[in-house]
Amino acid sequence: MTKTYGKTTVVDSLDLDVAAGTVHGLLGPNGSGKSTTMKMLLGLVTPTSGEISMLGHPMNRDTRAQVLAGVGSLIEAPSAYPHLTGAENMKIASRLFDADPANARHAVELVRLGNHMDKLVKNYSLGMKQRLGIAMALVRDPRLLILDEPTNGLDPAGIEEIRELIVSLARDEGRTVLVSSHLLSEIEKMASHLTIIDRGRMVFQGSQQQLYDAQLPDLYIQTPSARLAAELLAPLNPAETAGGVELSGLTDEQVAEVCTHLVSHGVPLHQVVRKRRSLEEIFIGLTGREGLSA
Ligand SMILES: Nc1ncnc2c1ncn2[C@@H]1O[C@H](COP(=O)(O)OP(=O)(O)O)[C@@H](O)[C@H]1O
Ligand SMILES: [Mg+2]
């Protein structure tokens, strides 16, 4: 999919591949095109070019209503009427879609709002509003949920509740969840698969494991002869640190060669450590910029 506003391309040839039954995180800094992508999937924004297929069906004018009947969504702000109760909002959502009332009862239990259904939504906490929004998205018993930054603005306890809810939607109920966030720390804990976008372009897509596996760990060598070590390893662009040198992008074989080389030139090795990068560091490596932490 591509979306262009005037001369600005905000989503650039994004090929989003979400496997059924997974929690798939759409991760990117603010303004990277997450909401635009989700709105295109939901038919709220028309793609400038590209094709969309969801739940095994291509989306076009003829199929759109039927495909979207299997998709529940929560886009940006909570969607309930504040001056009505939770129960009244659920009833409206149910009637709107002519849905089985049993779905709504199940959804309310799932989001653990059973004891708050008679309260006015304006008196709900933000976390409760988000949970009600997710319950409303579940009234048609959708196989796919598209949730845009559902943890935005929540406190840590609220974030944890939404996270557990999202994980259980996939793990216990077999649904597919596409969830966006600009915070790595959140996506990392709930999504098995990731699409990372930056300025509308995809910089990574795959499982979290693949993301880590694709990254060679950094090598840290502690030695009292840091200067000499840095000179010997100059072609590998080492960074000289307080008590040693640091290198990145080395294979296992190269690490062995580096150690042999240093020892044969009389450099004492006090510690040789390989350390995995954090997701944050990987993101910076992929995009050349920061911007995915709180
Ligand atoms: N209707 C619009 N007209 C013009 N530009 C837009 C419109 N909607 C979004 N954009 C721009 O597209 C970019 C991506 O926005 P968005 O999809 O909301 O990003 P994200 O959800 O990742 O924060 C931003 O630079 C935003 O200003
Ligand atoms: Mg957004």
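This chain uses plain numbering: 1 for the first residue, then up along the sequence. The figures here come from the full heavy-atom set of this structure, side chains too, leaving out hydrogens, waters and symmetry mates. In each ligand, atom 1 is the first atom listed, and ligand 1 is the first ligand listed.
- In this structure, the side chain of Gln130 engages the main chain of Pro150 through a donor-acceptor pair within 3.5 Å.
- Each of the atoms 23 (O) of ligand 1 lies under 4.0 Å from some heavy atom of Asn30.
- Of the possible donor and acceptor atoms, none in the side chain of Arg143 sits under 3.5 Å from a partner among the backbone N and O of Thr176.
- Within 4.0 Å of atom 27 (O) of ligand 1, not a single protein heavy atom is present.
- In this structure, atom 4 (C) of ligand 1 has a protein heavy-atom contact shorter than 4.0 Å.
- When each atom of ligand 1 is checked for a heavy atom of Pro29 under 4.0 Å away, the hits are 22 (O).
- Remark: Lys3 is positioned above the aromatic ring of Tyr5, its terminal NZ or CZ atom under 6.0 angstrom from the ring centre and at most 45 degrees off the axis.
- Between His24 and His193, the ring planes lie parallel to each other; the angle is under 30°, not in the 30° to 60° tilted range.
- Ranking protein heavy atoms by distance to atom 15 (O) of ligand 1, first place goes to Thr36 OG1, 3.8 Å.
- Between the side chain of Thr223 and the backbone N or O of Pro268, at least one donor-acceptor pair lies under 3.5 Å.
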Which atom pairs, donor and acceptor, lie under 3.5 Å between side-chain atoms of residues 228-246 and protein residues at least two apart or in another chain?
from: Glu240; atom 1: OE1; to: Arg227; atom 2: NE; distance (Å): 3.2
from: Thr241; atom 1: OG1; to: Gly244; atom 2: N; distance (Å): 3.4
from: Thr241; atom 1: OG1; to: Gly244; atom 2: O; distance (Å): 3.1

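- Closest to atom 14 (C) of ligand 1 among all protein heavy atoms lies Gly31 O, 3.4 Å.
- Remark: ligand 1 atoms within the under-4.0 Å shell around heavy atoms of Ser32 are 19 (O), 20 (P), 22 (O).
- Close contacts between ligand 1 and Ser35 involve ligand atoms 17 (O), 18 (O), 20 (P), 21 (O) [criterion: under 4.0 Å to a heavy atom].
- With ligand atoms numbered from 1 in the order given, ligand 1 contributes 11 (C), 12 (O), 13 (C) to contacts under 4.0 Å with heavy atoms of Val10.
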